[in-house]
Protein chains: 2
Amino acid sequence: MVETRRERVRAATTQEIVDSARRILVTEGREAVSLRAIARDMGMTAPALYRYFDGHENLIKHLCHVFQDELATVIEGEVGLIAGKDAGERLVVACRAFRRWSLDHPNEYGLLFGSPLPGVFRTPMPKDAEAMTAHRFAAVFLMLFVELWRTRPFRLPEEVDPRLIAQLTSFQQGFGGELPIECLVVFLDCWVRLQGIVSLEVFGHLRFALTDAEPMFEMTLADLRERLGA
Amino acid sequence: MVETRRERVRAATTQEIVDSARRILVTEGREAVSLRAIARDMGMTAPALYRYFDGHENLIKHLCHVFQDELATVIEGEVGLIAGKDAGERLVVACRAFRRWSLDHPNEYGLLFGSPLPGVFRTPMPKDAEAMTAHRFAAVFLMLFVELWRTRPFRLPEEVDPRLIAQLTSFQQGFGGELPIECLVVFLDCWVRLQGIVSLEVFGHLRFALTDAEPMFEMTLADLRERLGA
DNA sequence: ATGCGAAGTTAACGGCGTTCACACATTAAC
DNA sequence: GTTAATGTGTGAACGCCGTTAACTTCGCAT
């Protein structure tokens, strides 16, 4: 037996902790996700949670990991439904799926993309397992992007700043190095626009002008589509 | 005498509270800004702060107000230094000033543009004084935008979604109504790109690809410039 | 059957926001 | 100039929080 009874029970409890934490996050907001509240919700006491997570901060980090994973899975699922179609079409679907999940899960989104925990501002990029799954979400888009470029190359920018080129060469080699750097520049630009509009909409920072940002989002999407030559 | 001694002392203490709070925010991060820490820093006790602010949350809100104001003032100052120049040039300077302030004050930026406090997600836009100064920052850009459009009109998009038009008419009438709605659409698009790249850079969400986002920022700026026909 | 380790408890420490009763100084009214 | 009112700050207390330590209990392998 690869999995003992102990391990099964432990895994179930761990899952229950995550579920409780998420329920509290959704219903009462980020500030309310305390160890004591989670334990109370489960009929336990707070110190018991230390058998499963090394303190409050690590539990929150694990939650982020779970949400990143769910977000990536949801997007991959939506894209998978139209697996036969053109990469541009699938990219559009991926963007819509990202926006939808974010709007449907504002508190989870806030945990993932809101202001990071203190001390993160100037530290270098961590390289642990958590960081890798943080990349899984971006990787979905990047892969579609690569495929789009290969099947139907789009116009690339001329005169890219050499400093930008220099920075991106290491990133480029991170996945084979078989993609023009200018293509990565276009990717980053689209990435910024996508993240920007979703972030502003979810956090309500567009309400000074818009009551419903969907038309604006679709317009941005059409713009990106055109730029990528679809 | 328009200002009694009492009022002067009170104003000074209020200012000292804000200064202490900001110092703690900058040096120890958002989580460390507690009433007790502020009071300790000032040589007072926490309950005394209730004579000046109605609880912790309101003090934080006031801090946001102060930062919004400073940000707007800084940008206006930078723009004022080249008051004679073309509106496009001044817009570029305003964008750079926004990025610079945000990078120089990441903790303050996080308070302003990070995930909002719980319960803000689906509530309508508040209309109080705080919200107005929240607009002052956006207003700087909007005014430059309007001037740019008037002095040297740029290409406007065709086929704007009627739903978007409908939403923007009320916003349009908010300041005279003498601007084409398509122009507001362009403004919002630029706004999203500016906010997007600054937010991603400050929060470190571009580090998976870039070590220094400045060239990318300048490229985005050049792109916006071209779109606005400079 | 025994012993070991995992899981959970209670108690405690210090920190937090907040409230309340109280002391003190300043101001205002007479 | 005395007195009342008002503003400003303190100390104690309540209930929340994260975290640690000592202790119990139970499952499981030898």
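Remember, it's a predicted structure, so these values are computed and weren't measured experimentally. In the text below, chain A, chain B and the rest are named by the order of the sequence lines, each starting its count at 1. Just so you know, these numbers use all the heavy atoms, side chains as well, and skip hydrogens, waters and symmetry mates.
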Trainee: Is the ring centre of B:Phe98 less than 6.0 Å from the ring centre of B:Phe137?
Mentor: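 Ring centroids of B:Phe98 and B:Phe137 are less than 6.0 Å from each other.
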Trainee: To the nearest Å, how far apart are B:Ile60 CD1 and C:dT18 P?
Mentor: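 About 10 Å, once rounded to whole Å.
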Trainee: Measure CE/B:Met44 against P/D:dG11 and give the value in whole Å, please.
Mentor: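 Rounded to whole Å, this separation is 12 Å.
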Trainee: To the nearest 0.5 Å, what is the distance between NE2 (A:His105) and CZ (A:Arg100)?
Mentor: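 Rounded to the nearest 0.5 Å, the NE2-CZ separation comes out at 10.5 Å.
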Trainee: Between C:dT9, D:dC17, C:dC20, which nucleotide gets closest to the side-chain atoms of A:Ala37?
Mentor: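 So the nucleotide nearest the side chain must be D:dC17.
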Trainee: Just how far, in rounded Å, is P of D:dG9 from CG of B:Leu49?
Mentor: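 B:Leu49 atom CG is separated from D:dG9 atom P by 9 Å.
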Trainee: Are B:Arg36 and C:dG17 close enough that a side-chain N or O sits under 4.0 Å from OP1 or OP2?
Mentor: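 No.
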Trainee: Let me know the distance between CG of B:Asp54 and P of C:dT19, rounded to the nearest Å.
Mentor: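 Distance, rounded to whole Å: 8 Å.
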Trainee: Atom CD of B:Glu7 and atom P of D:dT6: how far apart are they, to the nearest Å?
Mentor: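 Going from CD in B:Glu7 over to P in D:dT6 covers 16 Å.
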Trainee: Measure from the side chain of B:Arg40, starting at C-beta and using heavy atoms only, and say which of C:dA7, D:dG18, C:dG15 lies closest.
Mentor: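 The answer is C:dG15.
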Trainee: Please classify the nucleic acid contact of B:Ser34 as base, sugar-phosphate, or nothing, using heavy-atom distances under 4.0 Å.
Mentor: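 Contact class for B:Ser34: sugar-phosphate only.
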Trainee: I want to check one thing: is the phosphate of D:dG7, taken as OP1 and OP2, less than 4.0 Å away from some side-chain N or O of B:Arg10?
Mentor: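 For D:dG7, neither OP1 nor OP2 has a side-chain N or O of B:Arg10 closer than 4.0 Å.
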Trainee: In whole angstrom, give the distance that lies between atom CZ of B:Arg8 and atom C1' of D:dG7.
Mentor: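 Going from B:Arg8 (CZ) to D:dG7 (C1'), I get 16 Å.
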Trainee: Please check if the distance between the ring centroids of B:Tyr109 and B:Phe67 is under 6.0 Å.
Mentor: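 For B:Tyr109 and B:Phe67, the ring centres are not under 6.0 Å apart.
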Trainee: Nearest of C:dT18, D:dT6, D:dT10 to any side-chain atom of B:Arg6?
Mentor: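 Closest of the options to the side chain of B:Arg6: D:dT6.
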Trainee: Taking only the side-chain heavy atoms of A:His56 (C-beta and beyond), determine which of D:dT19, C:dT9, C:dT19 contains the nearest atom.
Mentor: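 That would be D:dT19.
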Trainee: So what does B:Tyr52 hit on the nucleic acid, given a heavy-atom distance under 4.0 Å: a base, only sugar-phosphate, or nothing?
Mentor: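 Result for B:Tyr52 = sugar-phosphate.
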Trainee: Looking only at side-chain atoms of A:Leu35, point me to the closest of C:dT19, D:dG18, C:dA7.
Mentor: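 From the listed options, D:dG18 comes nearest.
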Trainee: What's the CD1-P distance between A:Ile17 and C:dA7, to the nearest Å?
Mentor: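 The distance from CD1 of A:Ile17 to P of C:dA7 comes to 10 Å, rounded to the nearest Å.
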Trainee: Salt bridge check, B:Arg99 against B:Glu214: does any charged N sit closer than 4.0 Å to a carboxylate O?
Mentor: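 B:Arg99 and B:Glu214: salt-bridged.
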Trainee: Can you tell me how far P of C:dT18 sits from CD of B:Glu57, to the nearest Å?
Mentor: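 One finds 8 Å between P of C:dT18 and CD of B:Glu57, rounded.
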Trainee: Going by distance alone, is a donor N or O of one side chain under 3.5 Å from an acceptor N or O of the other, for A:Glu108 and A:Trp101?
Mentor: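 Side-chain D/A pair, A:Glu108 to A:Trp101: absent.
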Trainee: What nucleotide, of D:dT8, C:dT9, C:dT19, holds the atom closest to the side chain of B:Arg51?
Mentor: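 Closest nucleotide among those given: D:dT8.
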